[in-house]
Amino acid sequence: MRKMLAAVSRVLSGVAQKPASRVLVASRNFANDATFEIKKCDLHRLEEGPPVTTVLTREDGLKYYRMMQTVRRMELKADQLYKQKIIRGFCHLCDGQLLLLLMQEACCVGLEAGINPTDHLITAYRAHGFTFTRGLSVREILAELTGRRGGCAKGKGGSMHMYAKNFYGGNGIVGAQVPLGAGIALACKYNGKDEVCLTLYGDGAANQGQIFEAYNMAALWKLPCIFICENNRYGMGTSVERAAASTDYYKRGDFIPGLRVDGMDILCVREATRFAAAYCRSGKGPILMELQTYRYHGHSMSDPGVSYRTREEIQEVRSKSDPIMLLKDRMVNSNLASVEELKEIDVEVRKEIEDAAQFATADPEPPLEELGYHIYSSDPPFEVRGANQWIKFKSIS
Amino acid sequence: MGPPLRPNQCRSRLGAPPSLPAVCGRVARNPGLQVGMAAFAATAGRLLGLRAAGTEGRLLRLRGAGLQWALLQPASATGDAAQRRQVAHFTFQPDPEPQEYGQTQKMNLFQAITSALDNSLAKDPTAGKDRVFNTPLCEQGIVGFGIGIAVTGATAIAEIQFADYIFPAFDQIVNEAAKYRYRSGDLFNCGSLTIRAPWGCVGHGALYHSQSPEAFFAHCPGIKVVVPRSPFQAKGLLLSCIEDKNPCIFFEPKILYRAAVEQVPVEPYHIPLSQAEVIQEGSDVTLVAWGTQVHVMREVASMAQEKLGVSCEVIDLKTILPWDMDTVCKSVIKTGRLLISHEAPLTGGFASEISSTVQEECFLNLEAPISRVCGYDTPFPHIFEPFYIPDKWKCYDALRKMINY
């Protein structure tokens, strides 16, 4: 009854915008878009920042929700597979465990929403979410984690070394990817195709010397590089107060303008990225973004994540700032989608992940011959010496 | 291209007789290290005292939570797939309980190291807790600071989280630490610096948690490089490194952190550096290794004795630089055959230095070419690790070919 009244009122109020198909399919009608207010960003050496309101269309909203949910489920599945010992190695998930990315989904989906597919991205080891948002399928990612042939790096890289088109990984050594990112930005400028490079690093890496070298060169040569510090408040086990003399990571670029963004709100991240990309594309040089986010689990699978912070803190952040929950609430409250619809997406995503996990477990491992491949670019193929003088592997690439 | 190989299939493929046991040992499941810290102990005559949230601190916290069992027991295999992957390529063989150093306690490798650090810090009871502290994530900075502290005369122990990450600090070590005494004509030195780093393959470390970079540092006169094989050795060698008046790099085999359990004396004691140890006497072949690989060689020696009736002399090199040429050469003169093994890649690995020196000194005593069983010339692989490492089958195979030369 209530639903019918709501439907009737909506029909009366918003008839003109609805496409005909929607009237046939849905008994409830949704708004096409909604305007949201987002948090203002702190600025460093900038007069204006990103806008404080943004428009989210229904289509985009559903897309972001699906992507975030996929990343979340994928990471949880990876966590599960790791505990079943099907995935081995040092695994860093986006939510913390396995170097997982849970709770940081807004970062990867939001960043992707703010740039073009032709732009470039490089990050550190918490890379599964970015690999997905940059275009690879969940199957390839999970197969790479389990070290199988179908994986994106043919099973040779594992968790920390995933690559895709315009996505340069996936780097294990902390901080080493930032000079690389600046180099990619140099190439962008040189090629003149109006592309930017997003170079991500964490709050722990922000204290590495090579990052400051990259800042200096990027600013000197006005490279279109967006340095992004994903500040999840802990560098493995060390809280930012104990590691950094200045925890205002967005100011650490000193002569590079910076902004501090709420990394748990995908719309905030998207607007800030659009702003930063526009800044770089206009030739003004590099810019620094600090995404304030949080990781739910520990640093990696060997870290329970509670020895350096309290469970209450984790619970609090989880209940108040979960990015998927925030987006869901927003969409439902402004009638961009219904709870049932989002649940349907959840179910679809779950199925997709299950299929991918099945593939990842069943796919065969790369053949032993490939052990020597891709060391050098070789022409003709040369031989790799093995564990003793009678073992040799061919190296082809 | 046949079906993909699993580790136990691989062993039979490389020629091991099927009657030999396929299971070589179960390792404590060590998915990763403790939350790492860089610990500095500065003793400038003003030692500062206790330990902050170091590895031991974490151990205490976990012990309180009743999880001590998880630290010292090997994890049980939960299924066939898990079992296959979990079987280590070696079995740790503890030395007999040492009698001459007083009361001993059962310790694993990281506890032995913590004990060594405790002993070292306790030397100055007036100093306080803040001697041990975390640093931000900067290896170059960590080692640079350590050198600076050591130059003023204080004792510095710097920890690099994994040996794979030591390369940002490579410049500081090679260009500053190693050359300080030489370039200042002995006016200054950073001898009271010790750098510790977890080292070597761990079963699932992939490219950046498994490297053995001792060969890079062996090329640098001025520093000492030490690799222990067991908790008892580790404590004694680490204390010697700390006392030693030269900058030392102490690589700790991370796979042994929990897997190696031994009786270790509680009181401090020193094991001399640059002295290799003959842990098993023999007459036909000399086997040289260091760190984890020593245990592999011990197994190879017993296999050789059993299957081929060959008596092997096993030597633990302990100190890579400066290395004990006399012990090794003396042994080769006796046996006439030498097999050297390490996990690091073959080309330019430390086995090449040993091989070259031995053939210079003992050419006429050699019955067969010197054999080196090492890792492949590839980056340390992720999924291919069981095939990459020089396990006992490869060593046994090489030994057999040497005997039949």
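Since this is a predicted model, take the numbers as computed values, not measurements. Below, chains carry the letters A, B, ... as their sequence lines are ordered, and counting in each starts from 1.
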Minimum heavy-atom separation for B/Pro379 and A/Ile375, please, with both atom names.
CD-CG1, 4.5 Å
Heavy-atom closest pair, residues A/Ala243 and B/Pro136:
O-CG, 3.0 Å
Residues forming a side-chain hydrogen bond (donor to acceptor under 3.5 Å, both in side chains) with A/Tyr163, sequence neighbours excluded
none
How long is the span from the [atom1] atom in [X] to the [atom2] atom in [Y], to the nearest 0.5 Å?
| X | Y | atom1 | atom2 | value |
| --- | --- | --- | --- | --- |
| A/Thr238 | B/Asn134 | OG1 | CG | 4.5 Å |
| A/Gln208 | B/Glu139 | CD | CD | 5.0 Å |
| B/Ile383 | A/Lys154 | CD1 | NZ | 15.5 Å |

Do B/Phe384 and A/Glu365 have side chains that approach each other closer than 4.5 Å (heavy atoms only, starting at C-beta)?
no
Side chain, backbone, both or neither: which part of A/Glu370 has an atom under 4.5 Å from a heavy atom of chain B?
both
Show, in sequence, the C-alpha distance, side-chain angles and deciding distance for B/Gln161 and A/Met236, and conclude whether the side chain to side chain contact (heavy atoms under 4.5 Å, CB included) test is met.
CA-CA 11 Å; B/Gln161 182 116 67; A/Met236 205 160 88; 3.5 Å; yes
Residues that A/Lys251 engages under salt bridge (Lys or Arg N to Asp or Glu O under 4.0 Å), provided they are two or more places apart
A/Asp248
The interface call for B/Thr347 against chain A, heavy-atom contacts under 4.5 Å, is both
Steps toward side chain to side chain contact (heavy atoms under 4.5 Å, CB included) verdict (A/Ile173, B/Tyr165)
CA-CA 7 Å; A/Ile173 302 292; B/Tyr165 308 152; 3.5 Å; yes
Check this for me: A/Tyr215, atom OH, are more than 12 non-hydrogen atoms of other residues, nucleotides or ligands nearer than 6.0 Å?
yes
Are the aromatic ring centres of B/His204 and A/Tyr82 under 6.0 angstrom apart?
no
